[in-house]
Novice: 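Okay, here's the structure, questions in a sec.
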Amino acid sequence: MARKCFWFCFQSLSGFWVVFSAIASLTMTVQAFTGTYGINYGRIADNIPSPDEVVSLLKAAKIKNVRIYDADHKVLKAFSGTGLELVVGLPNGFLREMSASEEHAMNWVKENVQAFLPETHICGIAIGNEVLGGGDLELWGTLLGAAKNIYKAVKNLNLDGVVQITTAHSQAVFWNSFPPSSCIFRENVVQYMKPLLEFLSEIGSPFCLNAYPFLAYMSDPENIDINYALFESTKGIFDPKTGLHYDNMLDAQIDAAYAALADAGYQKMEVIVTETGWASRGDENEAAATASNARIFNYNLRKRLAKKKGTPFRPKNALKAYIFATFNENLKPGPTSERNFGLFKADGSISYDIGFHGLKYSSSDSSYLSLKDFRARGLLGSHMISLTITAMTLLLLLR
């Protein structure tokens, strides 16, 4: 009897997921980020490992939070049964369509999110990337509509307790961010940003920021101490308005965002860093883009996040950040630095050692823990075992 009951429940897993999602939406606020450390999995390259192999790398490095910039089904299938938390992206090219049509938004969510739950832990949808403040002004007016229609689809499918809706902003949305307390949103952005913030506040979503000390330092190397950008020992800066001291630039960038949010009336909204990193190689005019600096930044950032502490302005909000990026992406346009933010090389070896346990680093191509080694050690796991565990977990929750 017990065996029959188990198999009935296992075969009805999709039904349990609908029930669980409905209960979750009533009992808790969805969180797309567990812990403090995540990574962006960009794929603008023709030489990187397959999604299955990427899963092996991420599990070996014990990185649980992952963001992608689309909803590629090969990636979603590869993440099935892994336990990794995945945020998928609605690319900027879809914003007009999703803003104009609730039906198209519903179809997109059904095909790219609902169809893969619960085996693939899709916990968030990022609506566009760096839209406000970007060069395509026509997109600015479509962002909120697209976000609302996607959220409405998620809610109507009883997934709003499972899937969080966000959108990431670059620092182009800010004006006068030094010292941090003086930061406000740019005048031409405010009319779009305020209604967006109101919507995000209503659904309990954070403010997502792409913050790069690397880019800030590159813009003014004569007046910015590189140690300040790299989390190294430095005198830092002092904010005369708040009396707060900053010993690293990333904290200052985040608190500038908090100041802008407070000025707009949303002082309780959490800031999450959705992109940050340092290039390991660059053009002649990108002298700071070195493997040494990239290693120092990412090593120190990893230590900073492990402390689970907040910023000077928001000390109780543990800093959360997605690192950019998993791989060097050889097909990305722009300066050389754009193609060299990866923690891993195309062959799966580590670009530089920042202390990942279970992974080895060597300057020689032949001395690293290979993807075959990951599979041999069982790091990929069993898909069926993962499904079984998921089913039993849902049963316990629903008892």
Side-chain angles (χ1 to χ4, degrees), residues 40 42 129-137 168-189 193 207-241 244-261 263 271 273-298 300-301 304 311-313 319 321-325 328-329 332-342:
N40 289 278
N129 187 51
E130 299 187 349
V131 177
L132 301 185
D136 191 343
L137 298 181
H169 304 284
S170 75
Q171 292 183 293
V173 300
F174 301 130
W175 182 78
N176 195 28
S177 59
F178 182 84
S181 61
S182 67
C183 186
I184 60 175
F185 290 110
R186 289 187 178 275
E187 186 176 353
N188 63 336
V189 169
M193 183 64 78
F207 183 87
C208 294
L209 175 66
N210 295 344
Y212 287 91
F214 168 74
L215 296 178
Y217 172 77
M218 290 288 293
S219 69
D220 192 10
E222 293 184 1
N223 295 307
I224 297 176
D225 181 1
I226 193 169
N227 289 328
Y228 178 62
L230 292 172
F231 299 94
E232 293 285 83
S233 179
T234 176
K235 67 179 182 180
I237 68 162
F238 177 77
D239 189 322
K241 181 178 178 181
L244 297 174
H245 175 262
Y246 292 88
D247 59 12
N248 72 83
M249 184 182 291
L250 184 63
D251 278 6
Q253 290 176 326
I254 296 165
D255 276 358
Y258 275 123
L261 287 170
D263 179 74
V271 175
V273 176
T274 36
E275 287 184 21
T276 190
W278 198 283
S280 60
R281 185 168 169 248
D283 295 320
E284 290 184 3
N285 64 340
E286 298 178 302
T290 67
S292 176
N293 286 341
R295 187 198 67 78
I296 292 170
F297 178 86
N298 280 289
N300 287 336
L301 173 61
R304 165 71 178 85
T311 60
F313 194 56
L319 176 58
Y322 290 91
I323 312 308
F324 189 85
N328 292 334
E329 297 174 75
K332 290 193 74 173
T336 298
S337 60
E338 282 291 311
R339 294 179 288 281
N340 290 278
F341 274 87

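For this chain, numbers begin at 1 and follow the sequence in order.
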Novice: Show every side-chain hydrogen bond (donor to acceptor under 3.5 Å, both in side chains) that has at least one partner inside residues 279-288, sequence neighbours left out.
Specialist: D283-T336, E286-S337
Novice: Answer yes or no: is there a side-chain heavy-atom contact under 4.5 Å between D255 and Y246?
Specialist: yes
Novice: Could you tell me the separation between the OH atom of Y322 and the CG atom of N40, rounded to the nearest 0.5 Å?
Specialist: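 One finds 8.5 Å between OH of Y322 and CG of N40.
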Novice: Can you check whether I184's main-chain N or O pairs, donor with acceptor, with D263's side chain at less than 3.5 Å?
Specialist: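 Absent.
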Novice: If you take all heavy atoms of E275 and E130, which pair is closest and at what distance?
Specialist: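 For E275 versus E130, the nearest heavy atoms are OE1-OE2, 4.5 Å.
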Novice: So how far is it from L301 CG to I296 CD1, rounded to the nearest 0.5 Å?
Specialist: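 Separation between the atoms: 13.5 Å.
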Novice: Side-chain polar contacts of residues 227-234 - donor-acceptor pairs under 3.5 angstrom, sequence neighbours left out - could you list them?
Specialist:
from : atom 1 : to   : atom 2 : distance (Å)
E232 : OE1    : N300 : ND2    : 2.7
T234 : OG1    : D225 : OD2    : 2.8
T234 : OG1    : G236 : N      : 3.3

Novice: Please name the pair of heavy atoms, one in R339 and one in G334, separated by the smallest distance, quoted to 0.1 Å.
Specialist: NH1-O, 2.9 Å
Novice: Taking only residues two or more places apart in sequence, or in another chain, which ones meet T290 in a side chain to side chain contact (heavy atoms under 4.5 Å, CB included)?
Specialist: S292, N293
Novice: Would you call the rings of W278 and F214 parallel, tilted or perpendicular, taking 30° and 60° as the class edges?
Specialist: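 W278 vs F214 ring planes: perpendicular.
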Novice: Can you tell if the side chain of I224 reaches within under 4.5 Å of the side chain of M249, non-hydrogen atoms only?
Specialist: yes
Novice: May I ask you to test the F297-P213 pair for a side-chain heavy-atom distance under 4.5 Å?
Specialist: yes
Novice: Indicate the ring-plane relationship of Y212 and F341, choosing parallel, tilted or perpendicular according to the 30° and 60° boundaries.
Specialist: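 Correct class here is perpendicular.
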Novice: Write down the atom of A288, the atom of Y217, and the distance for their closest heavy-atom approach.
Specialist: CB-CE2, 3.6 Å
Novice: Of the non-hydrogen atoms in F174 and R186, which two are nearest, and what is the gap between them?
Specialist: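 Residues F174 and R186, closest heavy atoms: O-NE, 2.8 Å.
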Novice: At their closest point, which heavy atom of A211 faces which heavy atom of Q253, and how far apart are they?
Specialist: CB-OE1, 3.6 Å
Novice: Do K241 and S182 touch side chain to side chain, with heavy atoms closer than 4.5 Å?
Specialist: no
Novice: At what distance, to the nearest 0.5 angstrom, does CD of E222 lie from CG of D220?
Specialist: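 If we round to the nearest 0.5 Å, E222:CD and D220:CG are 7.0 Å apart.
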Novice: Working to the nearest 0.5 angstrom, can you tell me the gap between I323 CD1 and N298 CG?
Specialist: 6.0 Å
Novice: Please tell me if the side chains of L250 and R304 come closer than 4.5 Å, counting only heavy atoms from C-beta onward.
Specialist: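 Sidechains of R304 and L250: no contact.
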Novice: In sequence, state the C-alpha distance, the side-chain angles, and the governing distance for D251 and L319, and then conclude on side chain to side chain contact (heavy atoms under 4.5 Å, CB included).
Specialist: CA-CA 9 Å; D251 278 6; L319 176 58; 4.1 Å; yes
Novice: Within the distance-only criterion (no hydrogens, no angle test), does the side chain of N340 pair as donor or acceptor with the backbone N or O of G282 below 3.5 angstrom?
Specialist: no
Novice: Taking all non-hydrogen atoms of both residues into account, name the closest pair between A294 and A279 and its distance.
Specialist: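 Of all heavy-atom pairs spanning A294 and A279, the closest is CB-O, 3.9 Å.
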Novice: Below 4.5 Å, heavy atoms only, C-beta onward: do F178 and I237 meet side chain to side chain?
Specialist: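 A side-chain contact exists here, since the closest heavy-atom pair is under 4.5 Å.
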Novice: Just wondering, do N210 and Q171 contact through their side chains at under 4.5 Å, heavy atoms?
Specialist: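 No, side chains not in contact.
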Novice: Does F207 form a side chain to side chain contact (heavy atoms under 4.5 Å, CB included) with H169? I'd like the steps, not just the answer.
Specialist: CA-CA 8 Å; F207 183 87; H169 304 284; 3.4 Å; yes
Novice: With a 4.5 Å cut-off on side-chain heavy atoms, are P221 and I226 touching?
Specialist: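 No; the side chains remain at least 4.5 Å from each other.
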